[in-house]
Amino acid sequence: MSDTKEKGSALSVEEQGIDTIAESDRHGSPKDLFWPWFAANISVLAMSYGAWALGFGISFWQATLASILGIVVSFLLVGIVSIAGKRANAPTMVITRATFGVEGAKVPSVLSWIATLGWEISLTTTAVLALASTFQRLGWGSGAAPKIISTIIVVGLVVVAGIFGYDLIMKAQQAITIISGVVTIGFLILGWSHIDFAAVGASQAGSAPSVLGAFLFVMTGFGLGWVNVAADYSRYLPRKSSNSGIVFWSTFGASLAPVLLVIYGGLLAVSNQKLSDAVGNDPIGAMASILPTWYLVPFTLVAVLGLMSGAIMDNYSNGLALLSFGIKLPRVAAAGLTAALTVLGVVYVTFFSDTFIGPFQGFLITLGVPMAVWTGLFIADVLLRKQDYNTEDLYKADGRYGAWNTKSLVILVVGTLLGWGLVVNTSASWLEWQGYFLGLFGGKDGAWASANLGVIVALVIGFVGALVFQCGDIAAQEAQEKED
């Protein structure tokens, strides 16, 4: 493959799979990471988190503090994981072989595949509902027709970007950032008159467990939903790229829009109880209800573009996770398979689910627990490792990383079981078995039940477990590097 094709043309289909990026194909700088992370997180859906945070029974100011901390802290983890991308020039789920072993890494690869597929379905469904709501409000159809047409349009565009791959995604994110930024400013101006500052000041403060629950929910909904794909977008960077630059531009780009949008969404929700209640079923449609008709088209444009931006990145990374598991498919075919499954998920949530937020919260919390353990393990690996990864051995079961790292797998299982025992999913009946350890903290109806303690416990177990049990393995791996 020519260097020109790999670097210069966004309209060339990326042929790169999960193999290491060649030195001649590495390009860009840390500041380039601002565009994909900003575009993927400027989604108007972020405003809905302002209403959902208030749903924990806390005041506007408590929800704002919990949301800001949850967003920034979680995206800081994304920035740290991104360092691994440039140190190995490989996808995230390939790099994690250094922690779990070449064969053992199939376990987190499956989890990542499920998580990115779930996120893609969630984001795509929200985009479909937003587009369908606008069609109906403009009188362009009713019933199932607008939803069917919206599904074809949204999924089709996500698939096209996913198939073309990295270069098109990076260039498209720059355009989405600019368009979304301008239109979002217009929405903020038009919606300002709907804010009741007296209601904001009168909102009642909640308990500490409720604030913690909101913090962890936001943390899970933002950065923890991206950590497992972070290195996929920094793997093309030259190895001389600044670590601090990678962390800063990833964290800043990803956090900037959500912080502003969540605060604004909270202001609107605390001012209008009807609006706050409607967010649960159709987040974007609910927010659009306060806009004049003439602004519906640009608002829908920015809403759909922002959601599609995240779905495109999930589609791309989902294909890489599938390949990391060992499935022998071209990257394009893997992206196509993900798209087909996404259509099935969108149809179910759009036409057969009674509410949007129930399945969404259940999915976030359930998958968030094992992914939090993995995040702790991976973050510790990045911080402990002083040398770059040996890219050849990431693909060899008999190399320095081995086939299976039993210690990491045990930490993952223990952290997941403890974590699930400390979360409760009342919004999804099929997940009511969780929370089996909450009896120690007042039961499933107690003050700490809504705090989602299991997520932070899982993250800490993964991180501390790696510091204690993996430190020697990493030292041995790096000693072998020096010998070679």
Side-chain angles (χ1 to χ4, degrees), residues 28-34 36-38 40-41 68-100 105 108 111-112 115-116 215-216 218-256 258-259 313 317 368 370-389 394 408 411-412 415 455-456 458-468 470-471 474 477-478:
S29 65
K31 68 177 182 294
D32 295 330
L33 295 173
F34 173 85
W37 290 120
F38 184 92
N41 291 284
I68 293 175
L69 289 176
I71 290 168
V72 175
V73 170
S74 64
F75 281 123
L76 179 61
L77 301 180
V78 170
I80 295 173
V81 171
S82 296
I83 294 174
K86 73 100 179 185
R87 294 177 67 181
N89 297 109
T92 316
M93 287 301 123
V94 170
I95 302 171
T96 200
R97 293 173 179 176
T99 303
F100 286 86
L111 292 175
S112 181
T116 51
F215 163 74
L216 292 175
V218 171
M219 189 174 176
T220 306
F222 284 95
L224 284 184
W226 288 111
V227 284
N228 56 308
V229 306
D232 298 355
Y233 301 95
S234 56
R235 64 187 178 125
Y236 277 90
L237 292 177
R239 296 228 177 166
K240 64 180 180 181
S241 301
S242 164
N243 288 343
S244 60
I246 290 172
V247 173
F248 173 78
W249 287 109
S250 298
T251 306
F252 177 65
S255 300
L256 180 59
V259 165
M313 291 176 70
S317 291
M371 291 313 300
V373 184
W374 173 86
T375 299
L377 283 160
F378 199 95
I379 292 292
D381 187 273
V382 172
L383 297 178
L384 288 171
R385 202 171 291 276
K386 306 303 180 184
Q387 302 173 11
D388 289 339
Y389 296 88
L394 287 172
S408 291
I411 293 170
L412 180 63
V455 176
I456 193 67
L459 181 65
V460 171
I461 288 175
F463 184 76
V464 174
L467 291 180
V468 174
Q470 298 285 59
C471 187
I474 293 173
Q477 292 167 4
E478 297 194 326

If you apply the rule side-chain contact (heavy atoms from CB on, under 4.5 Å), what do you find for Thr99 with Ile474, and how did you get there?
CA-CA 8 Å; Thr99 303; Ile474 293 173; over 6 Å; no
Kindly give the heavy-atom pair with the smallest separation between Ala90 and Val94, and that separation in Å.
CB-CG1, 4.0 Å
Regarding Thr92 and Asn228, do their side chains bring together a donor and an acceptor under 3.5 Å, going by distance alone?
no
For Val373 and Gly415, which heavy atoms make the closest approach, and how far apart are they?
CG2-C, 3.6 Å
Is any side-chain heavy atom of Val227 closer than 4.5 Å to one of Phe378?
no
Between atom OG of Ser250 and atom CG of Leu77, what is the distance when rounded to the nearest 0.5 Å?
12.0 Å
With distance as the sole test, does Lys86 use its side chain to make a donor-acceptor pair with the main-chain N or O of Pro238 at under 3.5 Å?
no
Between Asn89 (side chain only) and Leu237 (backbone N and O only), is there a donor and an acceptor less than 3.5 Å apart?
yes
About how many Å separate CD1 of Ile80 and CD1 of Ile379, when rounded to the nearest 0.5 Å?
4.5 Å
Evaluation steps, side-chain contact (heavy atoms from CB on, under 4.5 Å), between Arg239 and Arg87
CA-CA 6 Å; Arg239 296 228 177 166; Arg87 294 177 67 181; 5.7 Å; no
Quick one: CG on Leu33 to OG on Ser241, what's the gap to the nearest 0.5 Å?
8.5 Å
For Ala115 and Met371, which heavy atoms make the closest approach, and how far apart are they?
CB-CG, 4.5 Å
Test item: Tyr389 and Leu394 side chains (from C-beta on) under 4.5 Å apart, heavy atoms
yes
Determine whether a donor-acceptor pair (N or O, by modelled atom type, separation under 3.5 Å) exists between the side chain of Ser74 and the backbone of Ile71.
yes
Run Met93 and Trp374 through side-chain contact (heavy atoms from CB on, under 4.5 Å) and show every step you take.
CA-CA 11 Å; Met93 287 301 123; Trp374 173 86; 3.5 Å; yes
Would you say the side-chain atoms of Arg385 and Gln477 include a donor-acceptor pair closer than 3.5 Å?
yes
To the nearest 0.5 Å, how far apart are CG in Leu76 and OG in Ser255?
8.5 Å
Give a yes or no answer on whether the side chain of Thr220 reaches the backbone of Leu216 with a donor-acceptor pair at less than 3.5 Å.
yes
Heavy-atom closest contact (Ser317 atom, Tyr233 atom, distance)
OG-OH, 3.1 Å
Less than 4.5 Å apart, any side-chain heavy atom of Val72 and any of Met219?
no
With side chains defined as the heavy atoms from C-beta onward, is the minimum distance between Val81 and Val382 less than 4.5 Å?
no
Between Asp381 and Leu377, is there a side-chain heavy-atom distance shorter than 4.5 Å?
no
Kindly say whether Ala105 contributes a backbone atom to a donor-acceptor pair with the side chain of Arg97 at under 3.5 angstrom?
no
Using modelled atom types only, decide if a donor and an acceptor are shared between the side chain of Ser234 and the backbone of Ser82 within a distance under 3.5 Å.
yes
Among Trp249, Phe222, Trp226, ring pair (Phe, Tyr, Trp, His ring centres under 6.0 Å) partner for Trp37
Trp226
On a heavy-atom basis, which atom in Ala231 and which in Ile95 lie closest, and how many Å separate them?
CB-CD1, 3.9 Å
Indicate yes or no for a side-chain donor-acceptor contact from Asp32 to the backbone of Ser29 under 3.5 Å, with no hydrogens or angles considered.
yes
Main chain of Pro91, side chain of Arg235: is a donor-acceptor contact present, judged purely on distance under 3.5 Å?
no
Decide side-chain contact (heavy atoms from CB on, under 4.5 Å) for Ile83 and Val247; before the verdict, give the C-alpha distance in whole Å, the side-chain angles of both, and the deciding distance to 0.1 Å.
CA-CA 7 Å; Ile83 294 174; Val247 173; 3.6 Å; yes
The criterion is ring pair (Phe, Tyr, Trp, His ring centres under 6.0 Å); which residues satisfy it with Phe215, sequence neighbours excluded?
none
Please find the pair of heavy atoms, one from Cys471 and one from Leu384, that lie closest to each other, and give the distance.
CA-CD1, 4.3 Å
State, yes or no, whether a side-chain contact exists between Leu412 and Leu111 at a heavy-atom distance under 4.5 Å.
yes
Got a donor-acceptor contact below 3.5 angstrom from the Gln470 side chain to the Gly465 backbone?
no
